[in-house]
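Report on the following structure.
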Amino acid sequence: MELETEKKTESSDSSGEDEEEEHKEAIEKTATDSFNFGKVEECIKKPLNSDQALPSTPALQKAFNKPSSKPAVFIPVDRSPEIQEARLKLPILAEEQVIMEAINENPVVIICGETGSGKTTQVPQFLYEAGYASSNGIIGITEPRRVAAVSMSHRVAKEMNISHRVVSYQIRYEGNVTDETKIKFMTDGVLLKEIQKDFLLLKYKVIIIDEAHERSVYTDILIGLLSRIVPLRGKVRKPMKLIIMSATLRVEDFTDNKKLFPAVPPAIQVDARQFPVTVHFNKRTPADDYNGECFRKVCKIHRMLPAGGILVFLTGQAEVHSLCRRLRKAFPFRKNKTEEKEESVEETRKFKKSKQRKTMPLPKIDLNSYSVLPVDEGDEDREAEMDEDEDAVGSDIDLELGDDGLEEGEKSDSSLPLYVLPLYSLLAPEKQAKVFRPPPLGTRLCVVATNVAETSLTIPSIKYVVDCGKVKKRFYDKVTGVSSFRVTWTSQASANQRAGRAGRTEPGHCYRLYSSAVFSDFEKFSPPEITRRPVEDLIIQMKALNIEKVINFPFPTPPPTEALAAAEELLIALGALKEPLKTGRLKELQRAKLSCPISPLGMTMASFPVAPRYAKMLALSKQHDCLPYAITIVSAMTVREFFEEFERPAVSEEETEKLKGKKARVTQMRRIWAGQGPFQKLGDLMVMLGAVGACEYAGCTPKFCEANGLRYKAMVEIRRLRGQLTTAVNSVCPDAGLFVDPKMKPPTETQVTYLRQIVLAGLGDHVARRIQAEELLDEKWKYAYKTPLLDDPVFIHPNSVLFKQLPEFVVYQEIVETTQMYMKGVSAIESEWIPVLLPPYCHFGKPLENPPPFYCPETGRIRCQRPSVFYRVGWQLPAVEVDYPEGIDRYKYFAKFLLEGKLGSYKRCLLSSPLTMLKTWSKLQPRTEILLKALVSESADSRDALLAAWKKNPKCKCLVSGGAGPTPAGPGSAGWLARGLMVKAG
DNA sequence: GAGCACTGC
C-alpha cells in the first residue's frame, strides 16, 4: 500500500489513471516512447515542403494501413462548383499535401495561419477526405467561442454539401450531433467535460484545437491533457492525432516545452489571404487623452480619406458612448427614407475633401512583414521633417492637410454624414447586429468598439482602423482575490490583430495613436489567461480526473504557485479535497497540500458546471426543498451583468430623462424583489431570486426584461443554466426529482434562512464583519467592514440592497476595487452559524464542561459545546455544538457512554462507575485502562469506528462484555445530501 | 454614493 503511494508521488506524471494499470504504465513512459514517431521538423517560419519527407514509423503506417505519404483511402466529397472555385483561392489548399503528410507522420502537428487562411474550415475537410473519419472515428474541433463552433459547423457542412447529421456542433446548451456525425465542432469546455467521461477520447481519431494562440484556460488545459492522451492512445493501439492551430507564430510555449511535448512537434505555416494594411504611427503619444486623439483622428479620416468604414478601438462602454456622442454631434446625419434602402452605392457618396485630393495608390505593405518590429524608424525621422504631428509610415496620404482644427469648437458638419455605432459585448444583440448591415446611403460607417471587435466579432468593409493602443483588463490579487480593472497598453500581437481588421475586404489603413517607439515597448504577447486569474475551478476539474499533483501537470504555461496553493486551500476548506494528515514536518505538509486527492463531495461538486463555491452550495441544498432556489441563485450569480447598465452619458436631453427613469425603476424593483424583514437578509441574492422568479413567471419575455431593467440575454442564459444544473443535480441524486418550474413559488421565511446558511457554507472565505463602534479609530472605517485577509476597509456596494442595512456579519460574492473596495452580491448571516458551517475557518477552544459532552445517537459520535474565534481576525464566536475534538478525551467520553449503555440496549453489571473513564491515566483502574487502551489502539472513538473494529476483530467485543454489541442506530452513511445540515432556523 | 474588458463547462 505504502509502496504504491510512494510510486505515485514519485512518478513524474500527473494524469494518473490508477484504476487502469495499462494507462498508468503508459503515462510513465510517455517521455521515452510516444513522441518518437518520426524525427521532427523544426520549421517554425517556413512551410514544410513535400520533398522534405519526414521519416515515419512502421507503427503509424500500420495503424492507418497505408504508406505514409499517400492516403490509401480517399473519401469523395461532392462540392458545388462555386464552392470549389472559392476554395481554390485559399492559400491553404496549396499546402494540403504538406499538411496531410505532416499529420500522417506525426502524432502532434502545429499549424500557424492568420485569419483568412481558411485553416479552420479546410483542415477538417482534408482529414475527412483522407479517411480520418471513415471508420468508427470522428474528427473533433474545439473553438473558444460558442458562435464560432456553430457557424464553422454550418459553413463546413455547406462547403462539403453534407448534412448537419454528419458535420455537427456541440456547445453548452445545445448541439446537433448524431450517430452519423463525422466532423464535430465544439467549444473547448465541452471537450474537457468529455474527457471526464472517457479519458482516452476513444471516439475521436483526430482532435483539432483551434485558436490556440488565444490561450483560453480550457485550451491550455486541453493541450496539457492531450499531450498525455495522444501517447496513451498509441499504447492501446488506437492512435489519435492532435493538431494545434494558431493564428500567430507564438508557439514556443507548445514547441519548446519539453514537459509538454518531449519531441518538438512540427509547425507548418500557411499564408493568409489578407489585404495589405498600412500602419501609421503617431509621432507623439498623447499622455492621457487618447479619447480626444481618437476623435480628432476619426474626424480627419472622415474628412479626407476615400470611402470605407472606420473601426475605432477603445477600452470601455463609457468611452465608446462618449466618442459616439461627439462624433454624431460633429457629423450629424438626418434619418431619411434612403436609410432603409440597403444597397449603398459607393459612387454616389460625397466626400468633400477627398474628391478634391488625388487618391494615392495604396502602398503595399504586408501586415505580416512588420508584425514583429516596426520597420519605420528611418521613415519616422524623414516624415518628422515634413510633419510635426504624425508619421505616416510608407504612405503618402497626409491627414494633416486640410485639418481645420475641428476639435476646439467641435462644430457640426452635416454635409458629411457619419453613421456612428457603438459596439461592445454587453450591448443588446439587436443593436450589435446593426454594425453588420450596410450604412444608410450617403453615409460612412464608423464603429466605436471595445475589444470584442478584436476577436469575437468581425465587421466586414472596414478600411480604416483607429487604435488607441489600450485595453481594459481585470486584475486579481493572488492572495486576497480582490479584483480591479485597469487600463494598460495592449500587446504587439493584439495591436496587429486590431490592424488586421482593416484588411478584410480591401487594402486598408491602421492609425495607431502612439509612436512606434511606444509600440516596440509593448509586450509581444499578452500573458495567457491561466496566469492571471484564480484557478480553483480548473483545479477541481483536474482533481476529478485524478490528477493529484497539479503542480506537475504539463501546462503550456503554468499558473503562479501562489494561485495553485490558494486554489488547493480553498478546495480543502470547501471539503472538495481530502485534507493532508497533520502529522509530519511542515515541509512535507506543504508538499502534501499541493497534492490532495479529491473527496466524494468534491466529485459531486466537480460534476456541477459552476464555480466550486457555488457547487458547494448546490451540494448542500437538498434539505427543506431548497434546491430549486439554490439552483436559481447559483445560476444568477454565475451569469454576469444581470441588470442593464444605465450609467452611460446620454446623447440627448430626451435620453437623459429616459435613462434617469430606467435607473429609478431598477432601484425600485431591486427593493421590491429584496422583500422585507427576514427575506431582505438574503440581500442581493434575494434580489436575484426575486428577479428570476418574476421574469420567469412573466414568460421571460424581452418586454418584461426591458420594462424592469434586466438584460434579456442574461435572463435567457440563467434559464438555460437552471435547466442544466437541474439535470446535473438529478443525475447525482435521482430521488430529488427536480424540474425547472417557471411558476416557482417564493421561498418561505424558513427556506430563506436555510438559503442564507447554504450561501455561507459556499462563501466561507468571503465573510466580512462590520466595524464595531469601539473599534472605530479612523474616519475611513466609518460604515466599513473588516475581512480576514485585507488590512484595508471594505464597503457594501451602493447598489446593494443591504447598503443601508449594514448587518454585522455578511458574506459577499466578490470584492471589486475602484475608488474603494466594494463588496458585491451581499447577504447577511448570523455569527452562530459560522462555527457550525465553516469549521475549517474557526479556531476552537476547549470543549465546555457545562453543558457536558454527550453521545449523539444519530451520528454515533461524541458531541460537545465549543467556543471559537474566526481565523486571522479573532472574532469571538458563540459556543456551538460540534463533534468532540480528536484525542484521548474523546476516547474517554466514548468509553463512558459505551459503559453507560448509550450505544445499545444491553445492561451489564459494571464494577466501576462509567464516570471513572474520565479520570486521568494514572487514576484509571486496570480494567478500565484496558478498555481505554483497546479503544485507542483500534481508533474506536465513535459508533461507526467501533463497529468497524469489531467487524475486523470480533475478539474486541470481549473488552466490553461478552454479550451482543450495540445495535447500530439508523444509517451511518453521511451522504452529501443527507448530512444533517444547518442550525435551527430562526 | 457608484463607473466592468472578454470568454468557456
Side-chain angles (χ1 to χ4, degrees), chain A residues 142-149 170-175 186-197 211 214-222 313-322 423-427 449-457 468 470-476 483-488 490 494 526 528-530 532-533 537-538 540-541 544 605-612 614-615 635 638-643 645-649 663 666-667 711 717 720-721 724-725 727-728 782-783 795-800 803-804 814 816-824:
Chain A
T142 71
E143 296 290 333
R145 279 169 293 280
R146 292 179 198 160
V147 268
Q170 179 69 53
I171 61 175
R172 184 164 189 161
Y173 304 112
E174 59 181 71
M186 64 201 124
T187 34
D188 42 18
V190 167
L191 187 62
L192 193 60
K193 279 278 164 191
E194 285 187 20
I195 293 181
Q196 271 174 25
K197 294 189 197 100
E211 314 281 12
E214 286 188 22
R215 305 295 305 274
S216 86
V217 283
Y218 288 161
T219 296
D220 270 20
I221 303 266
L222 278 175
F313 282 99
L314 281 174
T315 70
Q317 277 186 47
E319 284 177 7
V320 164
H321 281 291
S322 127
L423 182 67
Y424 46 86
S425 168
L426 291 176
L427 193 66
T450 62
N451 245 5
V452 259
E454 193 181 303
T455 47
S456 304
L457 297 169
C468 76
K470 306 272 187 169
V471 262
K472 188 180 284 175
K473 271 191 183 172
R474 186 170 192 155
F475 289 79
Y476 290 91
S483 60
S484 57
F485 290 84
R486 274 178 254 158
V487 174
T488 63
T490 185
S494 121
S526 319
E529 192 195 353
I530 201 166
R532 309 189 60 251
R533 76 169 189 62
D537 54 338
L538 307 175
I540 195 174
Q541 294 305 321
M605 284 166 60
S607 76
F608 298 143
V610 288
Y614 305 160
S635 302
T638 300
V639 173
R640 67 184 181 137
E641 303 305 330
F642 196 86
F643 288 102
E645 180 60 64
F646 301 117
E647 298 295 334
R648 58 167 179 266
K663 252 170 76 177
V666 170
T667 315
R711 263 184 65 233
E717 183 82 10
R720 295 169 122 188
L721 186 52
Q724 197 189 22
L725 292 179
T727 310
K782 205 174 173 190
Y783 308 121
F795 298 87
I796 293 181
H797 193 276
N799 282 347
S800 168
F803 177 61
K804 286 183 181 152
E814 58 169 355
V816 179
E817 185 173 12
T818 51
T819 50
Q820 308 194 77
M821 284 192 274
Y822 287 108
M823 298 182 278
K824 296 187 161 184

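No experiment lies behind these values; they were computed from the predicted model shown. Values below: all heavy atoms of this structure, side chains included; hydrogens, waters and symmetry mates excluded. Chain A is the first sequence line, chain B the second, and so forth, proteins listed ahead of strands; every chain is numbered from 1.
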Considering only heavy side-chain atoms of R146(A), the closest of dC4(B), dG8(B), dT7(B) is dG8(B)

Atom CG of N451(A) and atom P of dT7(B) are separated, to the nearest Å, by 10 Å

Go through the structure and list residues passing side-chain hydrogen bond (donor to acceptor under 3.5 Å, both in side chains) with Y218(A), not counting sequence neighbours. none

Should Y424(A) be listed as having a side-chain N or O under 4.0 Å from OP1 or OP2 of dA5(B)? no

How would you label the contact of T455(A) with the nucleic acid (heavy atoms, under 4.0 Å): base, sugar-phosphate, or nothing? nothing

Sugar-phosphate, base or nothing in reach of R640(A), heavy atoms under 4.0 Å: base

Base, sugar-phosphate alone, or nothing: which one does E641(A) contact when heavy atoms must sit under 4.0 Å apart? base

Round to a whole Å and report the spacing from CE of M821(A) to C1' of dG1(B). 17 Å

Of K473(A) and Q170(A), whose closest DNA chain B nucleotide lies nearer the 5' terminus? K473(A)

Would you say E194(A) and M186(A) make side-chain contact, with heavy atoms under 4.5 Å? yes

Donor-acceptor contact below 3.5 Å, side chain T667(A) vs main chain K663(A): yes

Could you check whether V190(A) gets within reach of a base, just the sugar-phosphate, or nothing at all, counting any heavy atom under 4.0 Å? sugar-phosphate

Mind checking V487(A) for me? I need base, sugar-phosphate or nothing, with any heavy atom below 4.0 Å counting as a touch. nothing

Have a look at Q196(A) and say if it touches a base, only the backbone sugar-phosphate, or nothing, with a 4.0 Å heavy-atom cut-off. nothing

Look at the rings of F795(A) and Y822(A) and say which category their plane angle falls in: under 30° parallel, 30 to 60° tilted, over 60° perpendicular. tilted

Of V217(A) and Q820(A), the one whose closest nucleotide on DNA chain B sits nearer the 5' end is Q820(A)

T818(A) near the nucleic acid: base, sugar-phosphate alone, or nothing, with a heavy-atom cut-off under 4.0 Å? sugar-phosphate

